[in-house]
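Throughout, protein chains are lettered first and strands after them, A, B, ... in sequence-line order, and every chain is numbered starting at 1. Not measured: the values here are computed from a predicted model.
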Protein chains: 2
Amino acid sequence: MAPHPLADQLDLCIPTIRDLEFLEQWRPFFQPYHLIIIQDGDPSRKVHVPEGFDYELYNRNDIERILGDKAWCISFKDSACRCFGYMVSKKRYIYTIDDDCFVAKNPSGEDINALEQHIKNLLSPSTPDFFNTLYDPYVPGSDFVRGYPFSMREGKPTAVSHGLWLNIPDYDAPTQMVKPAERNTRYVDAVMTIPKGTLFPMCGMNLAFDREAIGPAMYFGLMGEGQPWGRYDDMWAGWCVKKICDHLDLGVKTGLPYIWHSKASNPFVNLRKEYKASRCFAALCRAVPRCKIIPFFQKVQLSEGSKDVFTCYLELAEKVRAGLGHLDPYFSKLADGMVAWIECWQKLNPKA
Amino acid sequence: MAPHPLADQLDLCIPTIRDLEFLEQWRPFFQPYHLIIIQDGDPSRKVHVPEGFDYELYNRNDIERILGDKAWCISFKDSACRCFGYMVSKKRYIYTIDDDCFVAKNPSGEDINALEQHIKNLLSPSTPDFFNTLYDPYVPGSDFVRGYPFSMREGKPTAVSHGLWLNIPDYDAPTQMVKPAERNTRYVDAVMTIPKGTLFPMCGMNLAFDREAIGPAMYFGLMGEGQPWGRYDDMWAGWCVKKICDHLDLGVKTGLPYIWHSKASNPFVNLRKEYKASRCFAALCRAVPRCKIIPFFQKVQLSEGSKDVFTCYLELAEKVRAGLGHLDPYFSKLADGMVAWIECWQKLNPKA
């Protein structure tokens, strides 16, 4: 049996609309951990969780009851609802995984304990200030290469560990349509720090983070029912998280561990979600493909006075309102959502 | 027999103090290419080149004869002399490799054609503006992931391909001493772009570049005989090259291909070279380990008016003089060397 580091300090957070039979495959790795399940969609449906798992389950009614008149800040009918679990957890670390992700095998044919690798990533430093060409310098058999500044070798605390996917890659709808048969078979045996100042597409499928350090910035935005766009929940969180990690000198890693992603979502549904016809379609169509949002995030600067994740996130919310609100009223609503999210977080986590 | 792309557009550049028997192992891959050999050290010694290779060889007397009163800008008794080869080449691309680097094997046990992989890297775009989590999006079986901005998917031209090393890793002297038995056995099957704004330790052991795009910035500085420090020749070039690539919107890749690095240099000799006792030892000791040079390169900005590699490099030379000259007179001399290097390049390449 594999060791279960941090079993008392980490919650698994799973958004789902179906029975959780996928947990059977993960049993040897997940059973010692506590699960927070966020039921996505119809709250009257009963979600089946295999025997023997320690879990709490929240549906829409629970979210409404707990958050009251601020429940609107949590998306409905979208896996973005998962971030509610980050808020109700009482643990230091979170690992979130989609319910169509299974245990992958490494090139030697062994099952990959994804959670154990995420924990290694989170507990060892990051190197955001200078690129190490041999990748993670802290793993056995590796180190900093010649020329890596000695003063930077202690690294920075790691806040995020972004894992990857074998089999079905995380493509957007147009790429899915163009390459329906493409499978990711390349096992890249590396973990690396995404350098300071560089944004990345953060996927929520296989993601771990230090909830104390960065949790309040892990808001998955307003998606799903009643919202004009979709499939950008984790991307939105990633842009916000990366800016704040850079500002607070925290590291973001990507690479190992891989999970086996079994099922591509329907590209036609995805296309509709990504470019859903709505009164702000035109604005978003301009905004996303022509990149007005990415340049905003690339340029936005947080002030020196913002010294913790809460003040950073509230400052960012106001900058989103001021910098993107003119593109579409959606962004002002999203800024309101960001503020409401922090208020909810602080109410549920009074010590923070 | 493997194909030999760019055989008429690429020169191999090899610095050496010994006979080039290592070429025997590379024969199937290198023989169709032209070799420029720069003899490092005593010019009276005859360097043996195996039969059948097309080469030109320059020793110190040749460098003195060709560059005249500016020959001092090329290092003597140091592998930094290799950059003379970049200047005398008439080709579009350069691949430089150390004479203790042999053919590595991939995990399937096949010989790696390092040069072919470098050419693939150079001929496909880079993605310096946004990180792609599945690494190189242009290789078969990969693509841009969901959330990667569509407007950035054409990428930028690639100027540099930095390859890695199996067996003996490129460590500094203190790390070599602490880990004398460490070998790099991890084959990371990836090529990635080093993001814009991030510096990296560029090793000259296994390095290819577009000479037209960035060659005039590939100056390996003043090292070896008569100079106060050593083992920073390629690092110096790397810092300059990366800043200029970032400014000119050119990409720098690292990762595949691997070569087999056979012999670690003597860590005691390296320690002396890296921290050679001299009148500027104290200044460099402050400057390097406490990182006054790296912050200078991280912060230095090239002006909008510098629109090609020549003007960028000359501007950088003056900024080195102004920004680092106070640390030690060496840096003013180095700035002079950078200017002399460009003058020599332009004289030998009048069309440029």
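Note on ring orientation: taking the six-membered ring where Trp is involved, the planes of A:His162 and A:Trp165 are perpendicular (angle over 60°, cut-offs 30° and 60°).
Per-residue heavy-atom pair counts under 4.5 Å with chain B were compared for A:Val139, A:Asp234, A:Asn184, and the maximum is reached by A:Asp234. The residue among B:Thr175, B:Thr185, B:Leu164, B:Thr254 with the most heavy atom pairs within less than 4.5 Å of chain A is B:Leu164.
In summary, the aromatic rings of A:Phe331 and A:Phe296 are positioned with their centroids too far apart to meet the 6.0 Å limit. Separation of the A:Trp236 and A:Phe297 ring centroids falls under the 6.0 Å cut-off.
In this structure, the portion of A:Tyr135 lying under 4.5 Å from any heavy atom of chain B is its side chain and not its backbone. Using a 4.5 Å cut-off between heavy atoms, B:Leu199 touches chain A through backbone and side chain atoms alike. Only the backbone of B:Arg183 comes within contact range of chain A, judged by heavy atoms closer than 4.5 Å. Of the two parts of B:Thr198, only the side chain, counted from C-beta on, holds a non-hydrogen atom closer than 4.5 Å to a non-hydrogen atom of chain A.
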Q | Verdict with supporting geometry, A:Trp239 and A:Ile293, side chain to side chain contact (heavy atoms under 4.5 Å, CB included) | A | CA-CA 10 Å; A:Trp239 304 329; A:Ile293 302 179; 3.6 Å; yes
**Q.** Worked check of side chain to side chain contact (heavy atoms under 4.5 Å, CB included) between B:Tyr330 and B:Leu222
**A.** CA-CA 9 Å; B:Tyr330 172 80; B:Leu222 297 171; 4.0 Å; yes
Q: Check step by step if side chain to side chain contact (heavy atoms under 4.5 Å, CB included) holds for A:Asp78 and A:Asp233.
A: CA-CA 9 Å; A:Asp78 191 284; A:Asp233 53 342; 3.6 Å; yes
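The line from CD of A:Glu110 to CD1 of A:Ile112 is 9.0 Å long, rounded to the nearest 0.5 Å.
Side-chain contact, B:Gln117 with B:Tyr258: no donor N or O sits under 3.5 Å from an acceptor N or O.
Scanning residues 200-209 of chain B against chain A with a 4.5 Å non-hydrogen threshold yields B:Phe200, B:Pro201, B:Cys203, sorted by number.
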Residues 187-197 of chain B side chain polar contacts: donor-acceptor under 3.5 Å, at least two apart:
{"residue": "B:Thr193", "atom": "OG1", "partner": "B:Thr127", "partner atom": "N", "Å": "2.9"}
{"residue": "B:Thr193", "atom": "OG1", "partner": "B:Thr127", "partner atom": "OG1", "Å": "3.3"}
{"residue": "B:Lys196", "atom": "NZ", "partner": "B:Asp249", "partner atom": "OD1", "Å": "3.2"}

